[in-house]
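First the structure, in the form of structure tokens, and then the observations on it.
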Amino acid sequence: MPTNDVRILLNSAVPTAAAGVIAAVISGVVSGGKGALGAAVGVVVVILFMGVGLTVLQRTAKSLPHLFQAMGLMLYTAQLLLLLVFLAVFKDTTLFNPKAFGFTLLAATLVWIAAQARAYMKAKILYVEPESSTATKAEKTGSSA
């Protein structure tokens with residue numbers, strides 16, 4: 001994975017994990033141990049779903065740029081469907097507090113999106129590939145090197 005991609009992934013995952021810790025503490029105080037566990041599960045789900053999605057989109061952008069937009073739409077649809085399946089499976093669970101899970105899921109998703117947008121704005125990603133020095137020399141001399 002190129003360094004820009006890793007940097008963007010880390011700049012998105014670290015604030016999300018920090019928000020998850022804060023949510024776990026708040027949920028633990030409000031709802032006890034099950035609330036803290038629900039918050040922890042919620043932030044892990046967000047980091048996994050969004051991290052895998054970002055990785056897949058970055059690889060698609062590098063190898064198949066013409067499919068990038070369609071892949072993004074398909075990926076977000078798949079993420080929503082997987083989340084729906086996850087919620088359906090754990091609908092009546094007593095393992096963790098579902099309200100703490102839901103609120104943390106929402107908060108962590110918003111933090112991830114904001115952090116990812118900030119990371120992309122701060123990244124120095126070239127929009128045009130710069131010319132190599134051999135191509136410039138060949139053009140100046142008129143040779144086809």
Quiz prompt | Whichever hydrophobic residues join I22 through chains of side-chain contacts under 4.5 Å | solution = I26, V30
Quiz item: What about L80 and M74, same hydrophobic cluster or not, with Ile/Leu/Val/Met/Phe/Trp/Tyr joined at side-chain heavy-atom distances under 4.5 Å?
Solution: no
Quiz prompt | Pairs satisfying side chain to side chain donor-acceptor pair (under 3.5 Å), at least one member in residues 40-50, at least two apart | solution = none
Could you list the donor-acceptor pairs under 3.5 angstrom formed by side chains in residues 95-113, with sequence neighbours left out?
residue, atom, partner, partner atom, Å
N97, OD1, K99, N, 2.9
N97, OD1, A100, N, 3.4
N97, ND2, S31, OG, 3.0
T104, OG1, A100, O, 2.7
T109, OG1, L105, O, 2.7
W112, NE1, Q116, OE1, 3.0

Quiz item: Partners of Y76 by ring-ring contact (aromatic ring centres under 6.0 Å, His included), sequence neighbours excluded?
Solution: none
Self-check item: ILVMFWY cluster membership beyond L64 - transitive side-chain contacts under 4.5 angstrom
Solution: L67
Exercise. Please name the pair of heavy atoms, one in T60 and one in M71, separated by the smallest distance, quoted to 0.1 Å.
Key: OG1-CG, 3.5 Å
What pairs of donor and acceptor atoms, side-chain ones from residues 85-92 against any protein atom, are under 3.5 angstrom apart with sequence neighbours left out?
none

Exercise. Working to the nearest 0.5 Å, report the span between CZ of R118 and OG of S12.
Key: 10.5 Å
Practice problem: Applying side chain to side chain contact (heavy atoms under 4.5 Å, CB included), name anything that partners A119, two or more places apart in sequence or on another chain. | Solution: I8, N11
Quiz item: Got a sec: does the CD of Q79 have more than 12 other heavy atoms crowding it under 6.0 Å?
Solution: yes
What pairs of donor and acceptor atoms, side-chain ones from residues 44-53 against any protein atom, are under 3.5 angstrom apart with sequence neighbours left out?
none

Quiz item: Which pairs count as side chain to side chain donor-acceptor pair (under 3.5 Å) when at least one residue sits in residues 40-52, sequence neighbours excluded?
Solution: none
